[in-house]
Trainee: 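The structure is given below, and queries will be raised subsequently.
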Protein chains: 2
Amino acid sequence: MKNRTIASSIGFEIRRRILDGRYPAGSQLRQDGLASEFGASRIPVREALFQLEAEGLVRIHPHRGATVAPLSPADAAEALELRGVLEPRLLALSTPRLTGDDFDRADALLEDYAAALRDGATARWGTLNTELHLLLYSRADRPRTLGIVGALLAECDRYTRLQLSTDAAELERADREHREIVRLCRNGHASAACALLADHIDHVAASLMAFLGTAPTP
Amino acid sequence: MKNRTIASSIGFEIRRRILDGRYPAGSQLRQDGLASEFGASRIPVREALFQLEAEGLVRIHPHRGATVAPLSPADAAEALELRGVLEPRLLALSTPRLTGDDFDRADALLEDYAAALRDGATARWGTLNTELHLLLYSRADRPRTLGIVGALLAECDRYTRLQLSTDAAELERADREHREIVRLCRNGHASAACALLADHIDHVAASLMAFLGTAPTP
DNA sequence: GCCCGATCGATTTTATACAATTTCAACACC
DNA sequence: GGTGTTGAAATTGTATAAAATCGATCGGGC
């Protein structure tokens with residue numbers, strides 16, 4: 001996945017490393033270090049950091065540098081609360097307009113997800129989950145809401161990734177729920193799909209809150 | 001309102017000019033011209049443009065420059081739809097925790113609003129409206145949602161400003177509704193305030209849609 | 001011994017200069 | 001006459017280097 005500008009390329013890489021946990025929450029992101037690490041100057045790094053700050057993954061304190069946005073149970077709860085409000089609305093709007101190609105792509109994503117589940121490739125799960133959700137909402141014709149939800153999904157990935165290694169049962173339940181949601185959408189049962197989607201997000205939220213409650217982030 | 005960094009200062013100024021309409025929708029924002037206009041280099045201008053792009057006011061096409069984000073009835077409808085979903089929820093959470101100082105500030109904003117209404121100072125109305133709404137939600141303890149709603153309010157200001165010069169009755173109705181919402185909140189009638197807030201946003205949406213329908217933006 | 005202030009170091013921020021890319025238009029060719 | 005190509009001009013994107021700012025440490029005073 002190549003980008004046309006160095007700044008966006010660096011932005012993608014830093015984003016991936018934050019989601020991977022290679023840059024832990026709260027850690028300093030020094031422009032000079034990142035620049036030399038990517039073999040570029042500091043200015044593309046700066047632009048990438050600004051982009052990431054807008055997405056909520058990075059906090060920039062003027063003259064004090066950039067840090068990876070901290071993880072907190074309250075933030076996770078708010079992100080999931082927003083998802084619970086916005087995503088069912090998007091699904092209700094999008095479901096009637098999904099095409100056969102869309103469902104083919106959804107099936108492919110579900111298969112990739114199952115494969116990642118078998119291989120224990122937790123790194124791919126987050127992006128596949130985000131892609132699947134966004135695909136299901138892609139026909140809602142709400143570009144601004146879609147952008148917001150995309151950022152929320154990325155944020156939630158940071159939390160779920162903490163949880164993945166310890167709680168494999170959650171992944172399987174998510175897989176089952178995903179498949180059921182896609183099935184309901186394909187058969188035209190939009191309202192049932194929305195209800196299940198709301199439950200799905202509630203399940204993720206409850207599981208994550210329980211996990212964060214037992215192991216609060218520093 | 002001075003900012004500690006030149007980039008953010010330039011960002012505030014460009015934002016104000018976009019909201020004012022001095023930089024019309026779709027117009028090119030040339031970095032060199034802006035830099036010389038502000039007596040600075042292009043790099044702070046670039047960072048300001050990136051910030052504004054994240055807020056949705058500017059579109060940046062790689063190697064093709066930055067343009068003011070276009071106005072479309074569909075975008076206005078989506079922004080108001082989101083506001084209608086998110087703002088009542090914030091108000092419900094915030095109302096029980098608003099303090100006496102908060103209501104004093106709300107009263108001051110309402111008075112400023114009335115004064116601006118008498119003077120025909122349409123430029124101040126947008127910021128006052130945004131400040132009042134955000135103040136009412138400030139105790140909801142939902143920072144991410146608050147940020148989203150702030151961006152939506154700024155976006156809506158761009159549309160309502162088009163409408164203001166022609167439709168003064170809308171302003172007076174908004175004033176009445178604002179006062180009633182504040183009164184209900186002060187007296188602890190949270191659910192009634194939320195219902196009225198939802199109506200308020202619906203009224204703005206209906207009026208704006210009627211206006212945009214008769215005078216669609218280019 | 002403890003608190004306050006100034007200097008030093010490091011980092012960010014900004015300015016200047018250069019390179020890469022796109023767009024527009026003119027021109028040759030089909 | 002239409003179309004593809006090629007050139008130049010303009011604008012953006014990037015690199016290098018100087019200036020401003022903030023935090024911390026060290027020294028002096030109470």
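Below, chains carry the letters A, B, ... as their sequence lines are ordered, and counting in each starts from 1.
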Trainee: Restricting to salt bridge (charged side-chain N to carboxylate O under 4.0 Å, His left out), what partner residues turn up for D157(A), sequence neighbours left out?
Mentor: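 None.
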Trainee: Round to the nearest Å and state the distance from I60(B) atom CD1 to dT11(D) atom P.
Mentor: 17 Å
Trainee: Using a strict 4.0 Å threshold on nitrogen-to-oxygen distance, state whether E53(A) and R59(A) make a salt bridge.
Mentor: no
Trainee: Any base atoms under 4.0 Å from Q31(B), or only sugar-phosphate, or nothing? Heavy atoms, all strands.
Mentor: sugar-phosphate
Trainee: How would you list, by chain and number, every residue that makes a side chain to side chain contact (heavy atoms under 4.5 Å, CB included) with H63(A), sequence neighbours excluded?
Mentor: none
Trainee: Calculate the interatomic distance between Q28(A) atom CD and dC22(D) atom P; express it in whole Å.
Mentor: 16 Å
Trainee: Distance only, no hydrogens: is a donor on one side chain within 3.5 Å (strictly under) of an acceptor on the other, for Q163(B) and S207(B)?
Mentor: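 The criterion, which ignores hydrogens and geometry beyond distance, is satisfied for S207(B) and Q163(B).
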Trainee: Whole Å only: how far is the NE2 atom of H61(A) from the C1' atom of dG23(D)?
Mentor: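 To the nearest whole Å, that distance equals 14 Å.
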Trainee: Rounding to a whole Å, what distance do you find between R30(B):CZ and dA10(D):P?
Mentor: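 Taking CZ of R30(B) and P of dA10(D), I get 11 Å after rounding.
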Trainee: Please identify each residue that fulfils side chain to side chain donor-acceptor pair (under 3.5 Å) with R17(B), with sequence neighbours left out.
Mentor: E13(B), Y23(B), E37(B)
Trainee: Check E81(A) with R142(B), please: is the shortest side-chain N to carboxylate O separation under 4.0 Å?
Mentor: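 Here R142(B) pairs with E81(A) in a salt bridge, since their nearest N and O are under 4.0 Å apart.
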Trainee: In whole angstrom, what separates F38(B)'s CZ from dT13(C)'s C1'?
Mentor: 18 Å
Trainee: In terms of side-chain geometry, is the basic nitrogen of E155(B) or R144(A) positioned less than 4.0 Å from the acidic oxygen of its partner?
Mentor: yes
Trainee: With axes from five pairs an end, tell me the bend angle of the helix from dG1(C)-dC30(D) to dC30(C)-dG1(D), nearest 10°.
Mentor: 10°
Trainee: Here's a test of your reading of the structure: between R64(A) and A7(A), which maps to the more 5' nucleotide of DNA chain D?
Mentor: A7(A)
Trainee: Among D107(A), D104(A), D102(A), exactly one meets salt bridge (charged side-chain N to carboxylate O under 4.0 Å, His left out) together with R186(A). Which residue is that?
Mentor: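 Result: among D107(A), D104(A), D102(A), D107(A) is the only option passing the salt bridge (charged side-chain N to carboxylate O under 4.0 Å, His left out) with R186(A).
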Trainee: Checking salt bridge (charged side-chain N to carboxylate O under 4.0 Å, His left out) between D20(B) and each of R161(B), R124(B), R158(B), which is the one that passes?
Mentor: R161(B)
Trainee: Aromatic rings H200(B) and H133(B): how do their planes relate, parallel, tilted or perpendicular, breaks at 30° and 60°?
Mentor: parallel
Trainee: So, OP1 or OP2 of dT14(C): does either fall under 4.0 Å of a side-chain N or O from T5(B)?
Mentor: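 Answer is yes, contact under 4.0 Å.
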Trainee: If I compare all heavy atoms of A106(B) with all of V182(B), which pair ends up nearest, and what's the gap?
Mentor: CB-CG1, 4.3 Å
Trainee: Could you say whether A66(B) or G39(A) is positioned toward the 5' end of DNA chain D, judged by the nucleotide with the nearest heavy atom to each?
Mentor: A66(B)
Trainee: Enumerate the protein-to-nucleotides 16-19 of chain D contacts in which both atoms are nitrogen or oxygen and the separation is below 3.5 Å.
Mentor:
unit_1  : atom_1 : unit_2 : atom_2 : d
dA17(D) : N6     : R42(A) : NH2    : 3.4

Trainee: Going by number, which of residues 44-57 of chain B have a non-hydrogen atom under 4.0 Å from DNA chain D?
Mentor: R46(B)
Trainee: How long is the line joining NE2 of H63(A) and P of dT12(C), in whole Å?
Mentor: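 In whole Å, dT12(C) P lies 11 Å from H63(A) NE2.
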